[in-house]
Structure formats: C-alpha cells, structure tokens
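Below is one structure, written out as structure tokens, with a few remarks after it.
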Amino acid sequence: MTDDLKPARLRLAPSPTGEPHVGVLRTAIWSWLYAKRTGGQFLLRIEDTDQTRLVPGSVERIIRSLDWLGLTYDEGPDIGGPFAPYTQSERLPMYQEAAARLVQSGNAYPCFCSSEELDALRARQQAEKRATGYEGKCRVIAPAEAAARAAAEPHVIRFAVPREGATTVEDLLRGPVVVENRTLDDFVILKSDGFPTYHLAHVVDDTAMEITHVTRGDEWLPSAPRHALLFDALGYPRPIYVHNPVILAPGGGKLSKRHGAKSALEYAEDGYLADALVNFLCITGWGHGDETVMSREELTRVFDIKDISLAPATFDTEKLNWMNGVYLRQMPEQQLAELFAQRLEIDLPPDVPRPLDRSFVEEFTPLIRERVQLLTDVLPLVDFFYQSVVATPPVEEFLAKKWKDQPQATADALDAAADDLDALDDWDAETLEATLRATAERVGARAGDLFTLVRLAVTGKTITPPLFESMVIVGTGPSIDRVRAASAAVRASI
RNA sequence: GGCCCAUUCGUCUAGCGGCCCAGGACGCCACCCUCUCAAGGUGGAGAUCACCGGUUCGAAUCCGGUAUGGGUCACCA
C-alpha cells in the first residue's frame with residue numbers, strides 16, 4: 001500500500017528514575033515504528049526535571065535498552081541533533097523564558113504559598129469532601145507587587161487557568177475530550193528551584209523539537225487540557241496527542257515491578273530475543289488483521305497508530321515465550337549456534353574453558369533448535385555434552401514405567417545394549433539406532449523402552465535431544481561406560 | 001468523592017450497518033507423527049460481542065443510560 005503520510009517526529013521522553021519497563025518500551029516501539037513508517041524521526045529526550053528522584057546510571061540503562069531492542073534514535077542526549085541539548089536539566093533557560101513570557105502576558109503568576117499552607121488547604125478540602133486543588137490565593141496579587149516580592153521571596157510560577165469555558169483536546173485514538181476549565185486548578189509550571197514541571201517542559205520541548213505526535217501513557221489524559229491551554233497561551237501549535245492504555249499484569253491490575261514487569265535488559269538476561277519482544281509488545285494492544293508474527297520490516301510497513309486498541313491489554317507471558325521460540329526457529333542455523341554459544345558461555349559452569357568451540361556448538365544446534373523457547377533452555381539440554389563424567393541417576397529412575405519392579409530384566413537389557421554397542425565398528429546415528437533396535441528385540445523389550453534406559457544412562461536425563469545423535473557427540477567410550485555403570489548400579493540394588 | 005477514559009472467547013486481537021448465531025493467534029483438550037521432550041499436522045471445546053433501552057428494514061458495529069474496571073486530582077513524571 002502506498003501511503004502519503006507526512007514524515008512524523010516522535011520521541012521517547014523517560015525520566016531517569018530507573019529502568020524503562022515494558023509499558024514505556026511498548027510506547028517506544030510504537031513511536032519508533034510510526035516514525036519509520038512515515039520516513040520521519042524518532043528521538044530520545046531525558047526528562048530529569050525532578051532533582052530528587054534521579055537514579056544514577058538510569059540514562060545509560062535507557063540507552064542500552066533501546067540499543068538492545070534495536071530502537072535506534074535519530075537524535076538524543078548522547079548523539080546530539082539539531083535541537084540539542086536533549087536533556088531537560090540543560091535547557092532551563094528555555095523554560096524560564098517561557099514562564100516569564102506567560103507571566104508577562106497575564107497567563108501565569110508567581111505564587112508564594114508555602115507547602116505547609118498548601119498541605120493544609122488540601123487537608124481542608126478533603127475533609128469537606130470537595131475537589132482538591134489550588135484556589136488561586138496568589139492570583140489576585142497585583143502584578144507590580146508580585147514582581148517585587150518574586151525578586152526577594154521564594155516562589156513558584158502557576159498557570160492562570162481560565163475560570164470559564166471548557167477546553168477540548170483532540171486525541172488521535174478517541175477523538176475530542178472535553179474538560180470544563182473550572183475543574184482545572186492553577187497548576188505549577190515552574191518550581192521554586194527554577195526547574196520546570198513536566199507540564200511546561202513538555203510544551204516547550206515538544207514545540208522546540210518539532211514533535212508532531214505526542215505518544216504517552218493515558219495517565220496523562222486528565223492533564224492534557226492543561227497542556228493544550230499552555231500551547232495556546234504560548235502561541236504554539238498543538239501536537240497530535242496519542243494517549244495509549246496501560247499494560248495489565250496477568251492477574252489483573254496494573255503491571256508493576258511487583259507483578260513481574262521487567263525491563264528490557266532483564267528480558268535479555270532471561271533469554272529473550274529482541275525481535276521477539278518487539279513483535280510481542282507491538283502486538284499487545286494493537287492488531288493487524290489475522291497476522292501475529294510480523295518482522296520488524298513488516299511492522300514498519302503496516303503499523304498505524306490509529307489501530308492502537310483503547311482497552312488496557314494484559315501481558316501474556318505464555319504468548320511471549322511461544323513467540324520467542326518462533327523467532328529462534330526462524331533464525332539461520334549459523335546465527336542460532338552463535339547465540340547458543342554466547343548463552344552457554346554465561347550459563348555453563350566455570351570449569352568449562354571459554355571461548356566455547358563454535359563448531360562443536362554447531363554440531364548440536366540442529367538437535368535442540370526445536371526444543372528451545374528461551375535461550376536459557378539450552379543449558380539443561382546440552383550440559384551433559386560438556387561433562388566428562390555423568391553420574392548415574394538413582395536406580396529408581398531406571399525402574400519406572402515398563403521396567404518397574406524388574407531390576408533383573410533392566411540390568412540385562414542394559415548389559416545387552418552395552419555388549420552390542422561394544423561390537424560396533426561404526427558409530428553413527430543410523431547404526432546406533434539399528435543396533436539398539438535389534439538389541440531390544442533380542443531381549444524382548446520394546447525399542448522405546450530400551451532407548452529410555454540408554455538415554456538415562458548416557459545423558460543422566462529423561463528429557464534430551466535425540467538419543468543416537470547425542471551418543472555420537474558423547475562418543476563411543478563414554479557412552480558404553482555409562483551404560484555399563486548403569487547396569488552395575490541396577491544390579492547392585494537387587 | 002470530582003473529573004476523565006475504557007468494556008468482543010481464559011488472554012491478545014479481527015470486525016468499522018447486512019459477508020458474523022462473530023474470524024485469527026496464545027493457552028487448553030484429542031488424535032496423527034514419534035526413541036524422551038519438543039517441533040509439525042489435523043480436529044475440538046471456548047464469546048447470548050458487559051447490561052438495558054433507542055435509531056434502523058437490519059447493530060458487535062450509531063446514540064443514551066446503567067454496571068463494572070481503570071486513570072487522575074503534588075513545587076512526581
């Protein structure tokens with residue numbers, strides 16, 4: 001489909017108070033996709049206007065998260081751009097200038113009320129079951145007097161919200177949202193420390209940076225009218241607003257750190273693929289026909305902000321896991337093997353020498369690629385390949401199912417298998433299978449039942465990659481030794 | 001409490017007045033394949049489209065109300 005969409009500029013504007021969780025990541029993905037789709041730009045801006053909540057290292061974590069997800073930005077604090085700086089604490093003069101301009105035009109005024117005073121006011125309003133909010137005590141101070149006091153006294157700047165009328169904000173997803181101005185109070189735009197509040201900073205920066213679409217969580221919807229009023233008072237054109245719903249935790253309720261909300265970097269650690277996470281997050285709260293698995297390229301072709309769903313979506317970990325498996329299976333084998341190797345270098349015990357032999361990993365990659373959903377699934381599937389000694393499992397594990405209460409037959413079967421394997425000249429999967437099938441027939445067991453015993457003996461596990469291919473990798477000597485050890489253990493228990 | 005927003009299978013969604021007694025995906029169940037586990041294949045259960053009214057020849061789709069859920073009322077974002 002050919003679209004005539006105008007190049008859009010969108011931004012991710014996190015505050016450096018921790019790591020971005022899936023909610024903001026999904027907004028980032030949507031914004032990024034839309035910017036790409038329209039041939040526009042995506043940028044990163046750090047909103048560090050609250051000096052008290054800064055968490056050291058947050059900015060780096062944010063950047064690393066975006067980098068891992070592949071959400072490249074065209075402008076940002078670390079790479080600069082035509083509207084630098086991209087960190088709000090470095091843009092203070094702009095906010096102060098805007099605030100001063102608003103005071104001058106009568107749209108804002110200094111407020112000298114102390115926080116104790118404001119707390120008391122709020123308490124009174126709550127006690128009387130009235131709406132809380134600043135009632136405009138300092139709004140009536142004459143401008144000349146206010147200016148004089150402002151020069152000497154600590155103060156904030158408040159926006160003078162019109163007492164009459166209503167403000168309509170156009171939201172791209174829900175249409176017009178109308179709010180009566182009298183339900184809005186005179187909110188603070190510049191704090192006493194000279195830093196702007198979010199409200200002012202948003203309006204000033206998104207204008208300065210020529211943002212076309214403001215994408216943010218819908219917790220901002222109630223204050224959108226304030227922003228609209230600010231844009232109007234400053235004489236700035238209003239951007240297109242897109243308030244997207246939150247993501248809910250599986251149990252219901254907002255997804256939070258408590259409810260398993262993870263950061264991008266944690267997903268990486270847990271064995272997820274960036275492409276899968278991007279696809280999954282994009283698809284939760286948004287849909288495109290019957291399609292579910294969509295590559296990044298496909299998404300940038302079809303993603304449209306307008307199709308974002310209004311109802312809050314629940315985070316479905318099962319679906320994410322499934323999708324991760326899909327992406328893993330789709331991957332070229334060579335690339336997959338490298339991923340497995342890197343993961344194993346993290347997960348394998350320290351006594352296994354690094355770097356891992358890539359050709360060895362490539363050998364078993366085809367055996368496990370269909371059995372892996374998360375990268376962390378790899379280790380338990382292949383760890384026995386890296387152990388020179390595999391302890392024989394407890395005898396009870398052998399004497400299960402068909403072999404229950406038959407230690408004699410079990411030991412005999414194991415011995416027969418060992419004998420037959422011993423006699424082999426060739427040690428390839430086909431030969432091994434043919435041999436053991438014959439063994440099974442000879443001892444009067446079903447092939448599958450014998451395989452189960454051999455599997456347990458050779459790998460120490462009940463769930464493994466295909467047995468014969470695994471035995472080829474383990475090698476002749478160790479394989480036979482382990483079968484013999486198992487038979488001895490079973491025999492000893494008689 | 002005031003204000004604002006939302007409401008289709010358990011979950012994510014398709015649907016934009018007739019093609020829908022509602023389609024796809026995850027999950028679940030069964031069968032097939034099969035050396036375990038997966039993967040794959042086939043089929044199945046699962047939604048009176050929150051409820052009540054209205055508009056219309058005709059509504060999941062438009063309108064109103066109710067209920068439920070969520071958000072927000074800071075010198076936090």
Side-chain angles (χ1 to χ4, degrees), chain A residues 13-17 47-50 52-53 111 113-115 118-119 122 125-126 128-134 154-158 169 171 173-174 177-180 182-185 187-199 201-202 216-225 243 245-246 248 250 252-254 280 283-293 307 309-323 325-326 329 368-373 377 381 433 436-437 440 446-452 454-456 459 461-468 470:
Chain A
S15 54
T17 54
E47 310 225 321
D48 59 344
T49 56
D50 186 350
T52 65
R53 297 205 313 156
C111 168
C113 296
S114 67
S115 39
L118 296 172
D119 289 344
R122 187 159 38 242
Q125 290 168 328
Q126 279 166 349
E128 292 169 18
K129 298 213 159 191
R130 285 187 296 138
T132 56
Y134 186 66
H155 63 280
V156 300
I157 303 293
R158 287 181 184 276
V169 179
D171 180 89
L173 303 179
R174 34 204 129 207
V177 175
V178 186
V179 173
E180 298 290 331
R182 57 181 170 71
T183 67
L184 270 22
D185 72 346
F187 56 96
V188 174
I189 57 175
L190 200 69
K191 304 184 234 180
S192 55
D193 63 1
F195 278 68
T197 58
Y198 170 88
H199 308 301
H202 149 54
R216 49 161 52 158
D218 67 4
E219 69 268 21
W220 287 109
L221 195 52
S223 47
H243 292 95
V246 296
L248 266 23
K254 195 176 169 184
F280 170 76
I283 228 89
T284 112
W286 174 84
H288 184 257
D290 283 346
E291 287 179 87
T292 301
V293 179
D307 298 327
S309 152
L310 263 357
T314 304
F315 192 89
D316 187 351
T317 307
E318 304 250 36
K319 193 163 187 171
L320 203 213
N321 291 350
W322 163 79
M323 189 167 276
V326 170
R329 271 171 255 129
I368 64 168
R369 66 176 303 156
E370 251 134 51
R371 281 157 250 262
V372 176
Q373 205 162 49
D377 294 338
L381 245 19
E433 177 166 4
L436 289 181
R437 279 189 188 282
R446 289 203 351 208
D449 294 332
L450 207 224
F451 297 167
T452 297
V454 176
R455 163 176 288 108
L456 234 195
T459 69
K461 300 163 181 288
T462 53
I463 298 174
T464 71
L467 179 59
F468 311 111
S470 298

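Convention: sequence-line order gives letters A, B, ...; per-chain numbering from 1.
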**Message:** Any strand counts, and the cut-off is 3.5 Å on both contacts for Watson-Crick or G-U wobble. Which nucleotide pairs with B:rC28?
**Reply:**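 WC or wobble partner is B:rG44.
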Provide, to the nearest angstrom, the distance between the [atom1] atom belonging to [X] and the [atom2] atom belonging to [N].
X	N	atom1	atom2	result
A:L248	B:rG71	CG	C1'	11 Å
A:F280	B:rA25	CZ	P	17 Å
A:K319	B:rG24	NZ	P	13 Å
A:W220	B:rU72	CH2	P	10 Å
A:D449	B:rC35	CG	C1'	10 Å

Across the strands shown, which category fits [X] at heavy-atom distances under 4.0 angstrom: base, sugar-phosphate, nothing?
X	result
A:P14	nothing
A:D316	base
A:V177	sugar-phosphate
A:L467	base

Of the nucleotides [options], which one has an atom closest to the side chain of [X]?
X	options	answer
A:A311	B:rG24, B:rA39, B:rU7	B:rU7
A:D290	B:rG71, B:rG24, B:rU13	B:rG24
A:E219	B:rC4, B:rC76, B:rG71	B:rG71
A:T197	B:rC75, B:rC26, B:rC35	B:rC75

**Request:** Quote, to the nearest angstrom, the P distance that separates B:rC37 from B:rA50.
**Result:**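 Straight-line distance between the two P atoms is 42 Å.
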**Request:** Look at the rings of A:F280 and A:F315 and say which category their plane angle falls in: under 30° parallel, 30 to 60° tilted, over 60° perpendicular.
**Result:** perpendicular
**Message:** Taking atom types as they are modelled, would you say the side chain of A:T452 forms a donor-acceptor pair with the base of B:rC35 within the 3.5 Å cutoff?
**Reply:**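 Absent.
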**Request:** Spell out yes or no: do the side chain of A:R455 and the base of B:rC35 have one donor N/O and one acceptor N/O closer than 3.5 Å?
**Result:**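 Yes, the side chain and the base share a sub-3.5 Å donor-acceptor pair.
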**Message:** Is the phosphate of B:rA77 approached by A:K191 (side-chain N or O, under 4.0 Å from OP1 or OP2)?
**Reply:** yes
**Asked** Which value, rounded to the nearest 0.5 Å, describes the distance between A:T49 atom OG1 and A:E47 atom CD?
**Response** 6.5 Å
